[in-house]
Amino acid sequence: MGEAKTRAPGDGKRPDHPVPYAVYVKVWLLLLVLTATTVGVRFLDMHKFAVFAAMMIAAVKSTLVVLYFMHLRYEKKATIPIMMAAVLVIYGVFVSLTFTDYLSR
Amino acid sequence: MTGGLMSGIETGKPERGPDEREHGASGHGHHGDADVSKLGMWLFLFSEILLFGTLFLVFAVYLHMYPIDFRDASAELSIPIGAMNTLVLLTSSLTMALAIAALAGRRKKLCMLLLAVTVLLAFTFLTIKGFEWDAKFHHGIYPKSPDQVNWPPGRVVFFGLYFLMTGLHGLHVVIGAGVILAALLLVRAGGDRDRTAFVSNTGLYWHLVDVVWIFLFPLFYLTH
């Protein structure tokens, strides 16, 4: 994939795109490495921690997708990141309340 | 690539964000529209996160209740097939992101090509999934299968959730493929800057479909 097109300094034109293609390719490669890792981890005898480890890796992968592919890292305004944080907190409440119930039975 | 832009990317604060290109020629009103449509898309995606999130929570509770049944049932799913579909979907996310970058760079042909590849990868995913489901059907594994009376309870739940969640995800892939195809036709028709907003929002949706699969794959295929 080609690099971002250059623009002459001070010509007042917008950059062709804010994120170079190479960034996406690197993120994709990292996602592939993490996929291989999650498959590899499954073959280690981790028992109860296996699911936890798999979820941690999946969380890292999702964070990469959201930050780079979905451009959250390049948001100028805080609106969407704050809403995202709120959604995650709400989901955290769902999960903790549910398991407070099931784990205490 | 100027030093200023490069350093902006490194610090996470580009001097011009991806959405700001909107108002180059068409003024601030247009920019606002793009911002609002993006916000609307994200609101929809948040509802999707909670929809799939709730199903993941159901899965987690039953995994906790029937760890042995879940482990045995998970062993019947093929890791190579699941991993291959992960590869396909991750790659389709890459081509989608590149398509948006190409459109921002006014490289329309490249953008259309990348969107076409994304659609193709979506159908590849569905084809693999179809063969996988078909093999399960032939082994008497499907919702309400008569064999289920002899199954341990955890196995019934595991495959019930498997078909529900991969089915709902597959439906999202079908819809995504359709919307990406629409984006491709809009880009080809050309003209308005609104295309950028439409293609960007399509990308957001497609990446979320990818994120859902990122969690589906280890939970169903690797829990043993």
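By convention in this document, chain letters (A, B, ...) are assigned in the order of the sequence lines, proteins followed by strands, and residues within each chain are numbered from 1.
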Of the listed B:Thr91, B:Val212, B:Thr223, the one with the largest count of heavy-atom pairs under 4.5 Å with chain A is B:Thr91
What part of B:Leu50 is in contact with chain A, defined as an atom under 4.5 angstrom from a non-hydrogen atom: side chain, backbone, both or neither?
side chain
Per-residue contact mode, A:Val65 against chain B (heavy atom under 4.5 angstrom)
side chain
With ring pair (Phe, Tyr, Trp, His ring centres under 6.0 Å) as the test, would you mind laying out the steps for B:Phe220 and B:Phe59 before giving the verdict?
CA-CA 9 Å; B:Phe220 280 100; B:Phe59 183 95; 4.7 Å; yes
For B:Met96, which atoms come within 4.5 Å of any heavy atom of chain A: side chain, backbone, both, or neither?
neither
Rounded to the nearest 0.5 Å, what's the gap from CG on A:Leu64 to CG on A:Leu34? Could you check?
6.5 Å
Just so I know, are the side chains of B:Thr196 and B:Ser200 near enough to count as touching, which here means a heavy-atom distance under 4.5 Å?
yes
Of the listed residues (A:Arg105, A:Met55, A:Met70), which shares the most heavy-atom pairs with chain B below a 4.5 Å separation?
A:Met70
Which is it for A:Trp28 and A:Tyr24 under the ring pair (Phe, Tyr, Trp, His ring centres under 6.0 Å) test, yes or no, and what are the steps along the way?
CA-CA 6 Å; A:Trp28 172 71; A:Tyr24 293 126; over 10 Å; no
Which one of B:Val211, B:Ile214, B:Leu219 has the most heavy-atom pairs closer than 4.5 Å to chain A?
B:Ile214
Sort A:Thr38 into side chain, backbone, both or neither according to what part of it lies under 4.5 angstrom from a heavy atom of chain B.
both
Contacting region of A:Tyr68 [heavy-atom separation from chain B under 4.5 Å]:
neither
Can you tell me how far apart CH2 (B:Trp213) and NZ (A:Lys61) are? Round to the nearest 0.5 Å.
10.5 Å
Mind checking the CD-CG spacing from B:Glu48 to B:Leu204? Nearest 0.5 Å is all I need.
12.5 Å
Residue, of A:Ser62, A:Ala54, A:Ala36, that accumulates the most heavy atom pairs under 4.5 Å with chain B:
A:Ser62
Relative to chain B, which segment of A:Leu29 carries a heavy atom at a distance below 4.5 Å: side chain, backbone, both, or neither?
neither
Which portion of B:Ile49 sits near chain A, non-hydrogen atoms under 4.5 angstrom:
side chain
Compute the ring centroids of B:His169 and B:Phe125, then answer whether they are less than 6.0 Å apart.
yes
When rounded to the nearest 0.5 angstrom, what is the spacing between CE in B:Met65 and CZ in B:Phe70?
9.5 Å
Assert top hit (heavy-atom pairs under 4.5 Å, partner chain B, pool A:Asp101, A:Ile80, A:Thr35) equals A:Ile80
Check whether B:His207 gets within reach of chain A through its side chain, its backbone, both or neither, counting any heavy atom under 4.5 Å.
both
Let me know if B:Ile79 has heavy atoms under 4.5 Å from chain A in its side chain, its backbone, both or neither.
side chain
Nearest 0.5 Å, what's the CG-CG distance between B:Leu121 and B:Leu114?
10.5 Å
Please verify the inter-ring angle class for B:Phe46 with B:Trp42; under 30° counts as parallel, over 60° as perpendicular, anything in between as tilted.
tilted
B:Ser93 versus chain A, the contacting section by heavy-atom distance below 4.5 Å
both
